[in-house]
Amino acid sequence: MSILVTRSAMPDFDEYCEEIRDLWDTRWLTNNGSKLKQLSTQLSAYLQSDCVQLFTNGHLALESLLKAMDLHGEVITTPFTFASTVHAIVRCGLTPVFCDIRPEDYTLNPDLLEGLITQRTCAILPVHVYGTLCDTQAIDRIAGRYHLPVIYDAAHAFGVTRGGVSAARLGYASMFSFHATKVYHTIEGGCVATQDRALCERLALEGNYGITGPEDTVLVGGNAKMNEFQAAMGLCNLRHLEGWIAERAAVSRLYDEALADCESLIIRKPQANVQSNYAYYPVYCKGGKAHRDRVFAALEKQDIHARKYFYPLITDFACYRDTFRSADTPVARQAADSILTLPLYPDLPPESAAHIAAIVREASHE
Ligand code: T4K
């Protein structure tokens with residue numbers, strides 16, 4: 001049987017059916033219904049956030065956030081991320097400025113940040129890539145000096161805490177993705193978490209056409225609302241999340257143990273004081289692209305589908321390569337060429353993880 005990079009975790013069928021039963025009685029399927037209200041209350045508590053605004057997906061959450069902040073000019077971000085981060089910036093009429101990443105954890109390198117700040121910089125948008133928290137203190141220090149807001153693409157970081165403090169409390173606002181492939185999902189979905197209640201009210205308007213009531217519309221918003229079936233899935237999944245994270249941790253540990261002494265690979269080190277969500281298992285192949293592609297092909301041969309997240313580098317996409325240069329961010333370019341993310345999900349059998357690790361090791365020794 002083929003093994004894919006991930007497999008959506010699901011509640012029991014009956015649990016979900018029970019959760020959506022009321023929707024047949026009320027016929028209230030979307031537009032700020034009771035499931036959505038319950039979910040935003042529960043997520044505010046889980047994320048330790050004063051305010052959680054839900055959206056139909058993480059991408060529209062991010063676009064709505066950039067719009068709600070009324071930004072103009074340049075946004076400093078990382079090229080080592082999923083298309084969504086940069087597309088959101090560009091689709092909001094803003095200009096991305098790419099900061100290279102740190103070789104040790106692939107997050108935005110704060111040492112390079114200040115050199116990229118100009119009169120036109122309006123925000124900083126780092127990514128907690130693979131769920132690894134950025135050096136938020138260093139980023140905040142620099143941003144504070146220039147009075148720039150920091151908004152985090154925390155698509156991968158749901159459930160991550162540092163010193164018991166949720167990732168959602170870092171920066172001015174954070175976007176989380178609840179896509180089916182994520183640690184926690186609502187089928188499709190996402191949210192913005194912030195401590196700024198005024199921003200939260202504006203976000204609600206951005207996601208619902210700017211409508212304030214039956215007879216007034218105050219801004220040119222879009223439609224990015226989460227529906228009741230998504231919210232019901234979110235309510236169910238929240239009950240199981242801690243167990244799923246523990247199962248992911250067990251698979252990660254198995255990979256750690258099997259790959260630790262493989263000198264041609266770099267595996268991620270745990271972050272000090274951070275409770276991980278074990279969202280992804282990136283392996284860095286020291287032999288570069290040829291090595292990474294060899295491991296990838298060896299797995300494919302056995303019907304195991306690891307993924308090259310995030311290759312190609314965004315600045316090498318056909319839609320960006322005439323405007324941006326990946327040579328300006330050499331560490332990110334090397335990471336994009338060298339990293340493979342191994343299959344990781346709660347019910348991945350331990351023997352499959354062991355088999356995958358054995359193939360990775362063998363292909364690395366060639
Ligand atoms: N920012 C960052 C840093 C992100 O990584 C993302 C999304 C976003 C923003 C935007 O958030 P959303 O708007 O998506 O909420 C996947 C996801 O679609 C995407 O959410 C995610 N990042 C990205 C890293 O990965 P693909 O194109 O790799 O997905 P796909 O369809 O190839 O699926 C991967 C594997 O997942 C499949 O091999 C099997 C499994 N799978 C997939 C689906 C669709 C399931 O088990 N169930 C499913 O329903 O993008």
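Remember, it's 1-based here, ligands and their atoms both numbered in the order they're listed.
- In this structure, the side chain of Glu300 does not engage the main chain of His305 through any donor-acceptor pair within 3.5 Å.
- In this structure, Lys182 is part of the shell of residues with a heavy atom less than 4.0 angstrom from ligand 1.
- Cation-pi contact between Lys182 and Phe158: absent, since separation from the ring centre below 6.0 Å together with deviation from the ring axis within 45° is not met.
- Looking from atom 1 (N) of ligand 1 to the surrounding protein, the closest heavy atom is Asp153 OD2, 2.7 Å.
- Using a cutoff of 4.0 Å between basic side-chain nitrogens and carboxylate oxygens, Lys308 and Asp337 are not scored as salt-bridged.
- Set against the non-hydrogen atoms of Leu4, the atoms of ligand 1 under 4.0 Å away are 38 (O), 39 (C).
- When each atom of ligand 1 is checked for a heavy atom of Val5 under 4.0 Å away, the hits are 35 (C).
- A salt bridge is defined here as a Lys NZ or Arg NE, NH1 or NH2 lying under 4.0 Å from an Asp or Glu carboxylate O, and Asp22 with Lys35 meets this definition.
- Ring pair His156/Tyr130 is parallel by interplanar angle, where below 30° counts as parallel and above 60° as perpendicular.
- Ligand-side atoms of ligand 1 in range of Gly189: 15 (O), range being under 4.0 angstrom from any heavy atom.
- A side-chain donor from one of Glu15 and His240 sits under 3.5 Å from a side-chain acceptor of the other.
- Those atoms of ligand 1 with a heavy atom of Gly58 less than 4.0 angstrom away are 11 (O), 12 (P), 13 (O), 15 (O).
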Practice item. I would like to know whether Asp256 and Tyr281 meet side-chain hydrogen bond (donor to acceptor under 3.5 Å, both in side chains); could you show each step before the answer? Key: CA-CA 9 Å; Asp256 285 348; Tyr281 197 92; 2.6 Å; yes
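- Close contacts of ligand 1 with Ala180, meaning ligand atoms under 4.0 Å from a residue heavy atom, involve 48 (C), 49 (O).
- Closest non-hydrogen pair, Leu342 versus Leu259, comes out as CD1-CD1, 4.1 Å.
- Under 4.0 angstrom from ligand 1, the non-hydrogen atoms of Thr6 come from both its backbone and its side chain.
- Salt-bridge annotation for Glu114 and Arg145: present, with a side-chain N of the basic residue lying under 4.0 Å from a carboxylate O of the acidic one.
- For the residues Phe82, Tyr309, Tyr345, Phe178, the heavy atom positioned nearest atom 6 (C) of ligand 1 is part of Phe82.
- For Arg307, the heavy-atom gap to ligand 1 drops under 4.0 angstrom.
- Taking every heavy atom of His59 and a limit of under 4.0 angstrom, the matching atoms of ligand 1 come to 10 (C), 11 (O), 12 (P), 13 (O).
- Each of the following atoms of ligand 1 lies closer than 4.0 Å to a heavy atom of Ser84: 8 (C), 9 (C), 10 (C).
- Atom 15 (O) of ligand 1 has as its closest protein heavy atom Ser177 OG, 2.7 Å.
- Within the 4.0 Å heavy-atom criterion, the part of His156 lying near ligand 1 is the side chain and not the backbone.
- The pair Glu206-Lys67 does not meet the salt-bridge criterion, since no charged nitrogen lies less than 4.0 angstrom from a carboxylate oxygen.
- With hydrogens left out, the protein atom closest to atom 18 (O) of ligand 1 is His179 CE1, 3.1 Å, a heavy atom.
- For ligand 1, the atoms closer than 4.0 angstrom to any heavy atom of Tyr280 are 24 (C).
- Nearest non-hydrogen protein atom to atom 41 (N) of ligand 1 is Thr181 CG2, 4.0 Å.
- Counting protein heavy atoms under 4.0 angstrom from atom 13 (O) of ligand 1 gives one or more.
- For atom 47 (N) of ligand 1, the nearest non-hydrogen atom of the protein is Ser8 OG, 2.9 Å.
- The shortest heavy-atom contact between Ala336 and Phe310 is CB-O, 3.4 Å.
- Under the 4.0 Å criterion applied to side-chain N and carboxylate O atoms, Arg7 and Asp347 are assigned as salt-bridge partners.
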